[in-house]
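Okay, so here's the structure we're looking at.
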Amino acid sequence: MRMRYDTTLKTLFLAPPPQLLQLLVGGQAHTMLTVEYPTVQMRRPDLVVRLTDGRLYHLELQSTNDPAMPWRMLEYFGLLCQYYGQPPLQQVLYVGEALLTMPARLEYPTLAFQYEPIDIRTLDGATLLTSPSLEDNLLALLCRLQNSRGAVQHLLARIASLVGTARADALAKLVILAGLRRLHPLVREEMQQMPITINIQENPFLQEIFEEGKQEGRQEEAAVLLGRLLERRFGPLPPWAQQQLAAADLASLETWGLRLLEATSLEEVLQTA
């Protein structure tokens with residue numbers, strides 16, 4: 001799933017979302033720059049553009065907290081300076097679900113380097129929803145929103161105006177990004193109310209996504225049921241047990257349900273070894 005998120009996000013930056021760039025750096029892209037360095041380890045920045053004011057701008061998208069991020073950004077900094085002859089303005093746009101904890105600075109006696117990390121949830125999603133760019137609109141789902149349902153309704157209405165493969169592609173991106181904010185149930189619910197006429201069964205990609213949604217729903221129901229049975233047998237569940245149930249797959253929940261019949265303690269039921 002992480003690869004699917006990363007791929008979807010990067011496709012939205014094939015043409016820089018204009019309103020998002022305005023929020024991030026207060027400017028617009030003048031020239032899209034393609035940078036790829038032929039080395040043993042392939043290096044390709046997510047987005048490098050020349051801004052209208054002449055600045056060189058480098059943006060990386062990140063869905064996990066990578067402790068090595070400062071070193072990656074330093075490597076890109078050196079390569080971009082060498083390639084274009086000027087230092088880039090560097091930002092990392094963090095889109096993950098967990099809190100942003102990545103280090104942003106390196107400091108040694110002979111080296112001091114830093115980049116700017118930005119949690120996309122600090123950006124105003126309403127601003128991106130008003131953009132004429134569909135890429136901006138889709139990214140709004142990851143930002144700060146006062147009304148998630150209203151945002152999903154707006155996106156579905158926009159997608160409904162598209163035709164053919166463009167509609168199916170946009171809908172797939174919407175569903176994938178919704179997964180980063182646990183909004184799959186809301187998207188599926190609103191889809192039933194909106195004039196979206198895509199045949200899910202004829203679209204393998206969307207069919208896979210919605211089957212995963214059904215699987216998640218069954219898993220949540222099983223976890224809730226098992227939790228109630230465990231509470232009835234052993235009393236209120238401690239936080240570690242609640243977390244273990246929430247993260248478990250269907251196979252583990254079934255195994256624990258069978259153990260419940262003979263186990264004498266909560267720890268015996270939920271043992272993973």
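Atom set for the values below is all heavy atoms of this structure, side chains included, hydrogens, waters and symmetry mates excluded. Counting begins at 1 with the first residue of the sequence.
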Task: Common cluster, L270/V224, ILVMFWY with side-chain heavy-atom separation under 4.5 Å - done: no

Task: Q19 (side chain) donor-acceptor with T130 (main chain) under 3.5 angstrom - done: no

- [ ] Please examine the side chains of V25 and L59, heavy atoms only from C-beta on, and report whether any two atoms are closer than 4.5 Å.
- [x] no

Task: Whether over 12 other heavy atoms sit under 6.0 Å from R144 CZ - done: yes

Open item on the list: For a quick test of reading the model, state the closest non-hydrogen atom pair linking A248 to W256 and the distance between them.
Closed with: CB-CZ3, 3.5 Å

Open item on the list: If you define the side chain from C-beta out and look only at heavy atoms, does anything of Y84 sit under 4.5 Å from L80?
Closed with: yes

TODO: For D169 and T11, run side-chain contact (heavy atoms from CB on, under 4.5 Å): C-alpha distance rounded to whole Å, both residues' side-chain angles, the deciding distance at 0.1 Å, then the answer.
DONE: CA-CA 11 Å; D169 180 62; T11 61; over 6 Å; no

Open item on the list: Are V48 and L14 connected into the same hydrophobic cluster when the rule is that any two of I, L, V, M, F, W, Y join if their side-chain heavy atoms are below 4.5 Å apart?
Closed with: no

TODO: Report yes or no: does R233 contribute a side-chain atom to a donor-acceptor pair with the main-chain N or O of A263 at less than 3.5 Å?
DONE: yes

Task: Identified side chain to side chain contact (heavy atoms under 4.5 Å, CB included) partner of L141 from the options L180, V152, L129 - done: V152

Task: Short side-chain to backbone donor-acceptor contact, N137 and L128, under 3.5 Å - done: yes

- [ ] Look only at the side chain of D66 and the backbone of M102, and say whether a donor-acceptor pair between them is shorter than 3.5 Å.
- [x] no

Open item on the list: Can you give me the closest heavy-atom contact between L138 and A170, atom names plus distance?
Closed with: CD2-O, 4.1 Å

Open item on the list: Main chain of P70, side chain of R105: is a donor-acceptor contact present, judged purely on distance under 3.5 Å?
Closed with: no

Task: Backbone N/O of D53 and side chain of H30: donor-acceptor pair under 3.5 Å - done: no

Open item on the list: The criterion is salt bridge (charged side-chain N to carboxylate O under 4.0 Å, His left out); which residues satisfy it with R50, sequence neighbours excluded?
Closed with: none

Task: E254, CD atom: more than 12 neighbouring heavy atoms under 6.0 Å - done: no

- [ ] Any chance you could measure Q90, atom CD, to Y76, atom OH, to the nearest 0.5 Å?
- [x] 10.0 Å

TODO: Say whether, by atom type as modelled, one donor and one acceptor occur between the side chain of E135 and the main chain of F13 under 3.5 angstrom.
DONE: no

Task: Residues D136, L12; criterion side-chain contact (heavy atoms from CB on, under 4.5 Å); working and verdict - done: CA-CA 8 Å; D136 275 329; L12 295 179; over 6 Å; no

Open item on the list: Could you report the tightest heavy-atom contact between V175 and H184, atom names first, then the distance?
Closed with: O-NE2, 2.8 Å

Open item on the list: Using every non-hydrogen atom in the two residues, find where L47 and P16 come nearest and quote the distance to one decimal.
Closed with: CD1-CG, 4.0 Å

Task: G96 backbone acceptor or donor facing R121 side chain under 3.5 Å - done: yes

TODO: For residues V269 and L226, determine if any side-chain heavy atom of one lies less than 4.5 Å from a side-chain heavy atom of the other.
DONE: no

- [ ] Determine, for E190 against R149, whether the closest basic-nitrogen to carboxylate-oxygen distance falls under 4.0 angstrom.
- [x] yes

Task: Shared hydrophobic cluster for M32 and Y57 (ILVMFWY, side-chain gaps under 4.5 Å) - done: yes

Task: Heavy-atom donor-acceptor pair, R259 side chain to Q271 backbone, under 3.5 Å - done: yes

TODO: Evaluate the ring planes of F113 and F77, with Trp represented by its six-membered ring, and classify them as parallel (under 30°), tilted (30 to 60°) or perpendicular (over 60°).
DONE: perpendicular

Open item on the list: Please check this pair: side chain of Q62 against backbone of V92, looking for a donor-acceptor N/O pair closer than 3.5 Å.
Closed with: no

- [ ] For the residue pair H58 and Y115, establish whether any side-chain heavy-atom pair is separated by less than 4.5 Å.
- [x] no

- [ ] Identify whether L99 and L123 are in the same connected component of the hydrophobic contact network (ILVMFWY, side-chain heavy atoms under 4.5 Å).
- [x] no

Open item on the list: Within the 4.5 Å heavy-atom criterion, are I176 and L9 side-chain neighbours or not?
Closed with: no

